[in-house]
Amino acid sequence: QVQLRESGGGLVQAGGSLRLSCAASGRTFSNYAMGWFRQPPGNAREFVGAIRWTGTSTIYADSVKGRFTISTNNAKNTVYLQMNNLKPEDTALYYCAADPLIRPDPDEWDYWGQGTQVTVSS
């Protein structure tokens, strides 16, 4: 049974940093991409960024480029989202997802975690 489990969310002031983790289990993910999405209050789920387990390919949404970094620890089957210079508009429920392909449409992704809340105060 595939499980993706996010952690690391919380409340932070604008300009601060958080690191989210997503622990993956239940199958071999070596041929998969891992994505991060977020859903702000009252809005649709949106693509944040994604990485392949090999680390050879990463992509970010324009809104987070230069502030967020995605990385993997293959030995721990864990993917990270380092978020720096956080802004109030980054407030959202953050999800990790897994799929063989990197695509911005959340409906195209196979597996999802339960989400972790990030709140940025001004």
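All values below come from the heavy atoms of this structure, side chains included, with hydrogens, waters and symmetry mates left out.
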Output the distance between atom CD (Gln3) and atom SG (Cys22), rounded to the nearest 0.5 Å.
11.0 Å
What do you reckon, are the aromatic ring centroids of Trp109 and Phe37 less than 6.0 Å apart?
yes
Is the shortest heavy-atom distance from the side chain of Phe68 to the side chain of Asp90 under 4.5 Å?
yes
Do Ile51 and Tyr94 sit in the same hydrophobic cluster, where Ile, Leu, Val, Met, Phe, Trp and Tyr count as joined when their side-chain heavy atoms come under 4.5 Å apart?
yes
Over-ring placement of Arg45 relative to Trp112, 6.0 Å and 45° cut-offs:
yes
Looking at Ala92 and Gln117, what are the two nearest heavy atoms and their distance?
O-NE2, 3.3 Å
Closest approach of Cys96 to Leu4 (non-hydrogen atoms, all atoms of both residues)
SG-CB, 3.7 Å
Atom NZ of residue position Lys65 - does it have more than 12 heavy atoms of other residues, nucleotides or ligands inside 6.0 Å?
yes
Same apolar cluster (I L V M F W Y, side chains within < 4.5 Å links), Tyr95/Leu20
no
Would you confirm whether Thr91, through its side chain, and Val120, through its main-chain N or O, come within 3.5 Å as a donor-acceptor pair?
yes
Validation: residues 100-107 side-chain donor-acceptor distances under 3.5 Å, sequence neighbours left out:
| from | atom 1 | to | atom 2 | distance (Å) |
| --- | --- | --- | --- | --- |
| Arg103 | NH1 | Glu108 | OE1 | 3.3 |
| Arg103 | NH2 | Asp99 | OD2 | 2.8 |
| Arg103 | NH2 | Glu108 | O | 3.1 |
| Asp105 | OD1 | Asp107 | N | 2.9 |

Which atom names give the shortest non-hydrogen contact between Met83 and Leu86, and what distance separates them?
CB-CD2, 3.8 Å
Would you call the rings of Phe29 and Trp53 parallel, tilted or perpendicular if under 30° counts as parallel and over 60° as perpendicular?
tilted
Just how far is it from atom OG of Ser21 to atom CD of Gln82, taken to the nearest 0.5 Å?
9.5 Å
Donor-acceptor contact present, side-chain Glu6 to main-chain Gln114, <3.5 Å:
yes
So, taking the atom named CG in Asn43 and the one named CZ in Arg38, what distance separates them when rounded to the nearest 0.5 Å?
10.0 Å
Met34 reachable from Tyr80 in the ILVMFWY side-chain graph, under 4.5 Å edges:
no
Flag, side chain of Arg27 to backbone of Val2, donor-acceptor distance under 3.5 Å
no
Keeping the roles fixed (side chain from Tyr60, backbone from Ile70), state whether a donor-acceptor pair exists under 3.5 Å.
yes
Between Phe47 and Leu93, is there a shared hydrophobic cluster once you connect ILVMFWY residues whose side-chain heavy atoms come closer than 4.5 Å?
yes
Is the CG atom of Asn31 crowded by more than 12 outside heavy atoms at less than 6.0 Å?
no
dist Leu11:CG -> Gln13:CD (nearest 0.5 Å) comes out at 8.0 Å
Closest approach of Ala14 to Pro88 (non-hydrogen atoms, all atoms of both residues):
CB-CD, 4.1 Å
